[in-house]
Amino acid sequence: VAEHYIAAKELDQAEKALLSAADEAVTLGVAERLSTFYLMSASQAKKALPWLNKAIDMAKEAASPRRAQLLLTRVSAHLNRGIDDLEGARRDLEELATAFPDDPRRLLWQSEVFARTGQIAQAVSVLTEYLAQRPKDPYALFQRAQQYVAQGQTGAAVQRRGHMHERVLE
């Protein structure tokens, strides 16, 4: 029902339907959907965090692999400009590194935290580490070029931009 309301852009009705489902039973799926609704459809990151917390706790208890994506989503919420909780993002990235050490997606978010705190060299370093595992990721290639520009290395950014087009088109 909520999906219908979201598609129809009736967000108040969608929220009521989702909260009604949560009143019935707070399951991992319901908590996850509410957090996604608040983050994506309603653009209310602060309201998403309690639902993300519940979903992550449930995923951890169930040993669900969905926990990795939920942690990444909570990092995104912490980095939302309305919240801007860099320490919360760092804590989640540490948890992600411990629980899912082979998941390279955390490196993208680590680079964002480094960039926001002015640690541009570290941002470039983790983006390079990420790109060693996923060399064709256009977002990471672009972000690394942006960080080179932030360091004043325009030549490196232009050179990397050329490599970006080659890799993505391969």
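In what follows, every heavy atom counts, from backbone to side chain, and hydrogens, waters and symmetry copies are set aside.
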So, do [X] and [Y] sit near enough that their side-chain heavy atoms are less than 4.5 Å apart?
X: L34; Y: V26; result: no
X: Q133; Y: L107; result: yes
X: L108; Y: Q143; result: no

Between F114 and I120, does a side-chain contact (heavy atoms from CB on, under 4.5 Å) hold up when you go through it step by step?
CA-CA 6 Å; F114 284 135; I120 305 304; over 6 Å; no

Residue pair E15, K47: steps toward the side-chain contact (heavy atoms from CB on, under 4.5 Å) verdict:
CA-CA 11 Å; E15 181 180 30; K47 282 188 170 184; 3.4 Å; yes

For A121, is there any backbone N or O sitting under 3.5 Å from a side-chain donor or acceptor partner on S125?
no

For residues 1-13, dump all side-chain donor-acceptor pairs below 3.5 Å to protein atoms at least two apart in sequence or in another chain.
{"unit_1": "E3", "atom_1": "OE1", "unit_2": "R33", "atom_2": "NH2", "d": "3.2"}
{"unit_1": "E3", "atom_1": "OE2", "unit_2": "R33", "atom_2": "NE", "d": "2.5"}
{"unit_1": "E3", "atom_1": "OE2", "unit_2": "R33", "atom_2": "NH2", "d": "3.2"}

Joint hydrophobic cluster, [X] plus [Y], side-chain heavy atoms closer than 4.5 Å:
X: V113; Y: Y139; answer: no
X: L39; Y: V30; answer: yes
X: F100; Y: M58; answer: yes
X: L18; Y: L52; answer: yes
X: L127; Y: L86; answer: no

Please report the C-alpha distance between R116 and D84 in whole Å, then the side-chain angles of each, then the deciding distance to 0.1 Å, and finally whether the side-chain contact (heavy atoms from CB on, under 4.5 Å) criterion is met.
CA-CA 10 Å; R116 287 196 189 186; D84 208 25; 3.1 Å; yes

Please tabulate, for side-chain N and O atoms in residues 66-81, each donor-acceptor pair with protein atoms closer than 3.5 Å (sequence neighbours left out).
{"unit_1": "R66", "atom_1": "NE", "unit_2": "E32", "atom_2": "OE1", "d": "3.1"}
{"unit_1": "R66", "atom_1": "NH2", "unit_2": "E32", "atom_2": "OE1", "d": "2.2"}
{"unit_1": "R67", "atom_1": "NE", "unit_2": "E95", "atom_2": "OE2", "d": "3.4"}
{"unit_1": "R67", "atom_1": "NH2", "unit_2": "E95", "atom_2": "OE2", "d": "2.8"}
{"unit_1": "Q69", "atom_1": "OE1", "unit_2": "R105", "atom_2": "NH1", "d": "2.7"}
{"unit_1": "Q69", "atom_1": "NE2", "unit_2": "T73", "atom_2": "OG1", "d": "3.3"}
{"unit_1": "T73", "atom_1": "OG1", "unit_2": "Q69", "atom_2": "O", "d": "2.9"}
{"unit_1": "R74", "atom_1": "NE", "unit_2": "D92", "atom_2": "OD1", "d": "3.1"}
{"unit_1": "R74", "atom_1": "NE", "unit_2": "D92", "atom_2": "OD2", "d": "2.8"}
{"unit_1": "R74", "atom_1": "NH1", "unit_2": "N53", "atom_2": "OD1", "d": "2.7"}
{"unit_1": "R74", "atom_1": "NH2", "unit_2": "D92", "atom_2": "OD1", "d": "2.7"}
{"unit_1": "H78", "atom_1": "ND1", "unit_2": "D85", "atom_2": "OD2", "d": "3.3"}
{"unit_1": "H78", "atom_1": "NE2", "unit_2": "D92", "atom_2": "OD2", "d": "3.3"}
{"unit_1": "N80", "atom_1": "OD1", "unit_2": "G82", "atom_2": "N", "d": "2.7"}

Less than 4.0 Å between a side-chain N and a carboxylate O, is that true for E87 and R90?
yes

Thinking salt bridges, do R134 and E129 make one under a 4.0 Å N-O criterion?
no

Out of curiosity, I56 CD1 to W51 CH2, how far, rounded to the nearest 0.5 Å?
14.0 Å

With sequence neighbours left out, write down each residue that passes side-chain hydrogen bond (donor to acceptor under 3.5 Å, both in side chains) with D57, or none if nothing qualifies.
none

